[in-house]
There are 2 protein chains.
Amino acid sequence: MAEIIRGRKEQIIDAAAKLFKEKGYNASSMRDLAQTMGMEASSLYSHIKSKEEILESICFGMADKFLTAIKEVNDIYFNAEEKLRMAIRNHVQIITSHPDHSAMFIKEWRGLTEPKLSKFKELRDKYEHEFRVILEDGENEDVFDRVDKKFATLTILSAVNWINEWYHSDGAMTPDEIAKKLSDFIMGGLCKKFVTDPNYKP
Amino acid sequence: MAEIIRGRKEQIIDAAAKLFKEKGYNASSMRDLAQTMGMEASSLYSHIKSKEEILESICFGMADKFLTAIKEVNDIYFNAEEKLRMAIRNHVQIITSHPDHSAMFIKEWRGLTEPKLSKFKELRDKYEHEFRVILEDGENEDVFDRVDKKFATLTILSAVNWINEWYHSDGAMTPDEIAKKLSDFIMGGLCKKFVTDPNYKP
DNA sequence: CCTACCGATCGGTAGG
DNA sequence: CCTACCGATCGGTAGG
């Protein structure tokens with residue numbers, strides 16, 4: 001019984017994530033959501049407390065996924081380049097396996113109201129901070145250029161998040177191929193050059 | 001008389017852009033907008049036809065600005081690296097001088113309905129295409145690496161658009177400094193290396 | 001899970 | 001630019 005209810009709740013949340021990603025959270029009504037589930041809007045409330053509860057559970061659930069992934073990377077003592085490549089790989093992995101839920105974490109969280117909004121922003125900032133630590137490690141190891149870390153972090157995150165706008169599971173690239181290309185681009189940039197880093201292998 | 005009405009209309013549109021950027025288009029009501037203007041919601045309709053007309057005029061106005069800027073760059077025969085740096089500089093310039101209106105072009109256009117939605121998407125694709133042409137030029141000139149052009153275009157555009165999320169005119173960097181840093185990052189990536197391109201000057 | 005319904009708010013109009 | 005108001009739709013509840 002409890003399992004049936006929980007299962008149904010997850011179905012509703014998944015359907016909501018898909019709808020909210022397509023139309024936006026504010027533009028989606030509970031009646032829209034009910035229709036995709038083949039039920040009346042009022043029936044949704046047997047399983048969920050409110051519209052915002054859905055958004056909340058998705059946003060915080062994904063924040064947990066992203067944070068757990070990057071903390072694992074930072075705990076293991078690879079060098080900075082490996083760390084960054086791993087962090088990007090994990091990020092792409094999460095986005096491509098949960099594209100609808102990821103859209104809530106990346107952009108639809110704006111629909112949250114206080115005090116949940118502030119709580120969520122804290123988690124996002126934490127994730128950003130973990131990325132930044134990797135870049136700082138890289139500079140200390142003399143592997144990365146001495147760049148503006150905040151600037152570089154935001155630029156990298158914007159690139160990895162943009163994937164969610166164009167990725168479709170039937171596309172030509174696998175998640176790992178996407179992660180590889182993105183990492184190469186971030187490491188090496190666009191211009192031709194020879195890398196003289198000791199770790200470089202042609 | 002006509003000037004007074006037009007001036008008032010522009011004030012409303014500017015206030016709307018600011019409001020829509022902060023709260024999102026769908027989450028903003030005409031009553032919210034009226035309040036920021038110190039008038040009743042119904043009075044807005046003496047100056048504008050509908051809520052969507054506001055969004056439309058901003059989105060298409062900005063599309064025109066961005067397209068004009070990049071077409072100018074592509075018409076002048078600089079080399080590809082110069083073209084890309086110029087295109088990024090213009091893009092940053094437009095965003096930083098019209099941050100509210102730019103937000104409509106970058107994300108709030110989703111609030112448009114057909115047939116305007118499709119028309120707008122065409123213009124966005126055109127802008128993307130112009131960027132892509134620059135990357136193709138760069139490869140032909142043997143200045144850029146042979147990269148997936150669609151992939152690189154989207155990555156670059158995501159980075160330049162993300163500026164709109166964190167840029168404030170009282171920040172530490174000028175628009176040209178932002179453009180320079182971004183261009184350097186895109187050209188050179190994060191890793192240490194020596195550039196052997198003939199055009200390279202240390 | 002449904003029918004029936006609530007108060008609030010939405011974009012927008014009429015008429016001055 | 002305002003008052004007065006419209007039909008539609010919103011998130012959500014009561015009761016079964």
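Proteins get letters first, then strands, A, B, ... in listed order; numbering begins at 1 in each. Computed from a prediction, not measured in an experiment: that's the story for all the values here.
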Spacing of B/His47 atom NE2 relative to D/dC1 atom C1', expressed in whole Å: 8 Å
Which atom of B/Arg110 lies closest to which atom of A/Lys23, heavy atoms considered: NH2-C, 3.2 Å
Atom-pair distance (OH on B/Tyr45; P on C/dG15), nearest Å: 18 Å
Between B/Glu114 and B/Ser118: side-chain donor-acceptor atoms closer than 3.5 Å: yes
Distance, rounded to the nearest Å, where A/Glu52 contributes CD and D/dG12 contributes C1': 14 Å
Value rounded to 0.5 Å, distance of NE2 in B/His98 from NZ in B/Lys65: 4.5 Å
Where DNA chain C forms stems, i.e. three or more consecutive Watson-Crick or G-U pairs with both distances under 3.5 Å: C:1-16 with D:1-16
Value rounded to 0.5 Å, distance of CD in B/Glu56 from NZ in B/Lys116: 4.5 Å
Within residues 28-42 of chain B, residues whose heavy atoms come under 4.0 Å of DNA chain D: B/Met39, B/Glu40, B/Ser42
Spacing of B/Lys23 atom NZ relative to C/dC10 atom C1', expressed in whole Å: 12 Å
Spacing between B/Ile54 atom CD1 and C/dG12 atom C1', to the nearest angstrom: 12 Å
Side-chain heavy-atom pair B/Tyr25, B/Glu52 within 4.5 angstrom cut-off: yes
ring-ring contact (aromatic ring centres under 6.0 Å, His included) assessment of A/His91 paired with A/Tyr127: CA-CA 11 Å; A/His91 191 97; A/Tyr127 188 61; 5.6 Å; yes
Worked verdict on B/Arg85 versus B/Asp184 for salt bridge (charged side-chain N to carboxylate O under 4.0 Å, His left out): CA-CA 9 Å; B/Arg85 284 185 183 273; B/Asp184 286 347; 3.0 Å; yes
Nearest-0.5 Å distance, CZ of residue A/Phe66 to CD1 of residue A/Ile94: 5.0 Å
A/Leu44 CG to D/dG11 P, straight-line distance once rounded to whole Å: 10 Å
